[in-house]
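Chain A is the first sequence line, chain B the second, and so forth, proteins listed ahead of strands; every chain is numbered from 1.
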2 protein chains.
Amino acid sequence: MKLGCLNHVGVATPSIEQSLELYRTLFSAEPHGAPFDLPAQGVRVCFIDTPNSQIELIEPLGPDSPIAKFLEKNPLGGQHHICFEVPDIHAARAEFEAKGARVLGEPRLGAHGTLVFFVHPKDMGGMLTEIMEAPAH
Amino acid sequence: MKLGCLNHVGVATPSIEQSLELYRTLFSAEPHGAPFDLPAQGVRVCFIDTPNSQIELIEPLGPDSPIAKFLEKNPLGGQHHICFEVPDIHAARAEFEAKGARVLGEPRLGAHGTLVFFVHPKDMGGMLTEIMEAPAH
């Protein structure tokens, strides 16, 4: 497997609205579409385009959200994960597992409508890593 | 100012060699050139290319390195900063300061040979942010 595009950096925030205001003020950046809920992942998300990649703002959907603990430790928010594209999610998963990297759960539908999985930070140099099947475009 | 390219994600590591081994094993990724020291920033760095961006592995040059504290808290390493390009570093600095974002120190030579500065994480949603004059290429 080759290192694919850096699809996005996931940035946790206590408030997508406040973060959007920040990106608007400092970078004249507008969101790529309105924020939307991803209940299966317990987060509300909103993307901001850079010319070559994206920032994914993620806000907890409730107190049990998987990013709630991160925000307890980092109340202002911060970099939460990084996402690389692969051509085939199932092949990628098999390859990661064969190489001893712990894959967290079954591939599931991600924010871009393709399947994703996460790799345990302990097997990726401390970095929570999302692996995402590249969208068809 | 418009949001420029996501030039790289800065990933702190206790050992660039170990991280390179990890990227080699999991992603068949090779470094973009050999690691090199950036004494002015107290770090040793090495880039890994993705098709659209880069990962900047950063290892402390000594116990006083600005990333030493980060590694104390995150012994395995992890996402340390994010870097966006701007066309003009001095104009960007003036604009950030005019908008109340704290710029950390004078622009200085970065790992890509152009001037960079950092913005205080408290003014960037908890995310240490490097602003880099885009290379001429």
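Here the options are A/M1, A/E95, A/M124, the test is side-chain contact (heavy atoms from CB on, under 4.5 Å), and the partner is B/L26; only A/M124 passes. With B/S53 as reference, A/L6 is the one residue of A/L6, A/T50, A/V9, A/N7 to meet the side-chain contact (heavy atoms from CB on, under 4.5 Å) rule.
Heavy-atom pairs under 4.5 Å with chain A were tallied for B/A98, B/G126, B/P121, B/G100; the largest tally goes to B/G126. Options A/G78, A/C5, A/A101, A/S28 differ in how many heavy-atom pairs under 4.5 Å they form with chain B, and the most are formed by A/C5.
Contacts between A/I55 and chain B at a heavy-atom distance below 4.5 Å involve the side chain alone, from C-beta outward. Looking at B/S19, there are no atoms closer than 4.5 Å to chain A (heavy atoms on both sides), in backbone or side chain. With a threshold of 4.5 angstrom between heavy atoms, B/L71 does not approach chain A through any atom at all. With a 4.5 angstrom heavy-atom cutoff, B/L3 touches chain A via backbone and side-chain atoms both. For A/N74, no part sits under 4.5 Å from any heavy atom of chain B, backbone or side chain.
Looking at A/V86 and B/F27, their side chains never come closer than 4.5 Å, going by heavy atoms from C-beta outward.
Remark: B/H80 NE2 to A/M127 CE distance equals 14.0 Å, nearest 0.5 Å. Atom CD of A/Q79 and atom CD1 of B/I82 lie 5.0 Å apart (nearest 0.5 Å).
Listed here is the closest heavy atom pair of A/K99 and B/T25: NZ-O, 2.8 Å.
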